[in-house]
Structure formats: C-alpha cells, structure tokens
Amino acid sequence: MAIAPAVPGSRLRLRTPEDYDLPRDVCSYGYFLLAPNDWSPADQAFRTTLDLTTASAERQATTVVVRQPSGRGGELVCRFDRMLDRAQQTQARARLTRMLRLDESREALKAFHRVDPRWRRSGRGRLFRSPTMFEDVIKTITSCNVAWPNTINMNERLCEVLGSKSPSGFHAFPSPAKLARTRPGTLRGRCRVGYRDTRIIAIAKLFKQGSLSENDIAAPSRTSEEVYKDLLALPGVGPYAAANIMQLLGRYDRLALDTESVRHGRSTLGFTGEPPQVLKMLEAHYDAFGAQRFRSYWLELWDDYEARRGPAHTWERETTGRTFTSVQLRD
DNA sequence: GGTAGACCTGGACGC
DNA sequence: GCGTCCAGGTCTACC
C-alpha cells in the first residue's frame, strides 16, 4: 500500500509505555486487518482514517500514518493528511491511545505475565482494538456467522459506502449517526451485511441517543457479570460476541469461544469429542488463568497462526490477512 | 433449560 | 455458467 499521506497536515507525537512495540502490539488481533485499518509490512507503519469533530462541530475524516522511528519503547510519530484544530488533536490522541492500547502500562502487562509467564519474553499482551467501542461492537457483529474474508468485505463496504472521505481518499468507519439513519436495504444491498442490517441500525441508534456508551457500560465500578448481561441484551450480540466485546473493553475474564476455538482445542490441545464437549474442556483448561483467561487463550491461538503463516507484522492485508484462520488453512 | 431451524453471504464443488 | 451444499453465531419458537 501507499502508506504515506498524499496531503501534508498535522503531526502529533505520542508517548508510549517503555516496552511498547508498534509491530507487535498492532498486529496482535484480527481487527488490524479490517477497514479502515491497514498495516504496511514493508514500512512497518500503521494507517487508519478517523472521523474527527472540529471545535465548530464540523465532522472531518483524516487519514493518519503511525510510525515508531526509534523502535521499541520509543515515541510514536503520527502524520495526518489535514491540519487538525485543538479539539481534533485531543480526539485523535484519545482514539489512537484506545486503538493501540497505549494506556496499558508495563506494570499492567507484568500482572498478566505473572499469571501466564509464557508471554513474558516476547512481552505480548496488548491486543489491538478500534478507536471507539461502537466500532468494536459493529466489527464483532460482522465477524459472527461468517468466514473471515466475508468480515473483511463487510468492513470495507461499510467504510466505502457510508464512511466520510479523507483528503488522501481513504474512508473512515461510519459514525453511529450515519448508520442510524441508513436504510436496511442499503446495508444489505451495498454493504452485504445480510440479516445483520436491522441489528446494526438498532445498535447505532443506541449509541447515537447516548443510551449506550463505553463510560457507562464499562465503568470500573461495574462487575464483569453486569457488563456481560448488558452486552447480551444488545441486538445481534450473543455469548460469543458479548465475551469478545468484553475483552475489547479490557476485561479478560471470559472466553469468546467459536468454531476456531474448537479447532484449536482439537489440533493444539489434543481435545477430542463433539464441539459442546470440546468447549467445556476449553473452559476448564483456561480456568487456571482466572481474570486473564482470554489473553492466554488468544495469544495461544495467535501464536499458532504465526507459526503457520509467519509473524503477523509481515502479513499483507490482501493475501495472508485474508487466509490466516484455521478454516482457510484447512481449505 | 434444551433443541431445531431460519437467517444471509460467499466459496467450494459437481455437472 | 449454473445450481447445490456448507460454514458461521444469533434469535425465536417450541417442547
């Protein structure tokens, strides 16, 4: 990909935790391969497009390229394709911090590595996510009941059809307001989301109205059980999706188990039996990792993908990025 | 509480 | 090129 923005604009510097490693920490969860995100293996740089609001309440899409010139622990240099005002700079910092998990300190990771020392040497533990909870929820819904290449297609189309365009010509992920006023037929016909159309619109309306927000649903005072129950009540969100959204919110005490998990249980852990039995074995197996169980499970699975396909920071979105899952490997 | 079938897309496969 | 089958998680109706 052409990673550099075609149009010059603002430049921001972001401080990182002392062990932060951009290639390792971006290429740690499949969403780094979903539009509007892109990773350049050649440049070891991350590009995305954000929808930011100016001080005068105007929405503008801007494409940003993030690099870590001095390597692990060094600051991130973010080049945008338009000049950002102060309000936009504040939003951009907050959104990049969320995506890249810059707010997860080295001490927080050490707590995980004490529970599961297998990842201490590599330093793994930060899992990439979206700039907003809304985008994480919609991306999770587009990953349900489909093969991974179809999830890639849905996110590309959502951005191309409904996302604002940056000066460089890339599209941001559509906002809750935009999706809330989109007709089901448009989502189904042009974005190819199928029966997810009305569920996506219903969730967009909840975010737009403010009746669903990350601050409220995931407040630190709330128990994981409370968060899980609230997520399960959302249209299109079942046990898998709710557990996955929880890990994206930074709560790792539930396993998001799907057919990939069953394959992993059989092929790597040697479990046998029908899927329900294998799922029970997986729950029992990862019980030992307590509040960190999802991360232990996920890094094991990710490690397996990388053993087969090479380090994720070498994957091209259009080739390995489409075919790294077990179902693709099996085929 | 457990189970069966519909939902929808895209890819594989057979003809 | 066309038709059929299948995988994938959620939801609803039914027992």
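Please read all numbers here as calculations on a predicted model, not as lab measurements. Numbers restart at 1 for each chain; the letters A, B, ... are given by sequence-line order, proteins then strands.
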TODO: Rounded to the nearest angstrom, tell me the gap between atom CD1 in I152(A) and atom C1' in dG10(B).
DONE: 13 Å
Open item on the list: Counting the atoms with a prime plus P, OP1 and OP2 as sugar-phosphate, which does V193(A) contact under 4.0 Å by heavy atoms, base, sugar-phosphate, or nothing?
Closed with: nothing
Open item on the list: Rounded to whole Å, please give me the gap between CG in L187(A) and C1' in dT9(B).
Closed with: 15 Å
Task: Between P of dT10(C) and CG of D197(A), the distance in whole Å - done: 17 Å
Task: Residue N153(A), side-chain atoms from C-beta onward, closest of dT10(C), dG11(B), dC8(B) - done: dG11(B)
- [ ] Could you please name the option among dT9(B), dG8(C), dC8(B) that lies closest to any side-chain atom of Y195(A)?
- [x] dC8(B)
Open item on the list: I want to verify a distance call: between dG8(C), dG10(B), dC11(C), whose nearest atom is closest to the R199(A) side chain?
Closed with: dC11(C)
- [ ] For L234(A), report the nucleic acid contact type (base, sugar-phosphate, nothing); a contact means any heavy atom under 4.0 Å.
- [x] sugar-phosphate
Task: salt bridge (charged side-chain N to carboxylate O under 4.0 Å, His left out) between D21(A) and R124(A), worked out - done: CA-CA 9 Å; D21(A) 187 45; R124(A) 288 184 173 195; over 6 Å; no
- [ ] Determine: side-chain N/O of R192(A) to OP1/OP2 of dG10(B), distance under 4.0 Å, yes or no.
- [x] yes
Open item on the list: What is the separation between atom CZ on R196(A) and atom P on dG8(C), rounded to the nearest whole Å?
Closed with: 14 Å
TODO: To the nearest Å, give me how far apart CD1 (I200(A)) and C1' (dC11(C)) are.
DONE: 16 Å
Open item on the list: Rounding to an integer number of Å, can you tell me how far W148(A) CH2 sits from dG11(B) P?
Closed with: 15 Å
Open item on the list: Check the phosphate of dG9(C) against T259(A), side-chain N and O only, distance under 4.0 Å to OP1 or OP2. Yes or no?
Closed with: yes
- [ ] Counting heavy atoms from C-beta on, name the nucleotide in dG10(B), dT9(B), dG8(C) closest to the side chain of R263(A).
- [x] dG8(C)
Open item on the list: On DNA chain B, does the nearest nucleotide to N150(A) precede the nearest nucleotide to N145(A) from the 5' side, or the other way round? Give the residue.
Closed with: N145(A)
- [ ] Return no unless some side-chain N or O of R188(A) is found under 4.0 Å from OP1 or OP2 of dC8(B).
- [x] yes
- [ ] For the residue pair T142(A) and N155(A), confirm or rule out a side-chain donor-acceptor distance under 3.5 Å.
- [x] yes
TODO: Could you state the atom-to-atom distance from CD of E260(A) to C1' of dG9(C) in whole Å?
DONE: 13 Å
Task: Between S168(A) and T63(A), a side-chain donor and acceptor under 3.5 Å - done: no
Open item on the list: Checking the side chain of H313(A) only, and the main-chain atoms of R24(A) only, is there a donor and an acceptor separated by less than 3.5 Å?
Closed with: no
Task: Residues R293(A), D253(A): salt bridge by 4.0 Å N-O rule - done: no
- [ ] Let me know the distance between CE of M154(A) and C1' of dT9(B), rounded to the nearest Å.
- [x] 7 Å
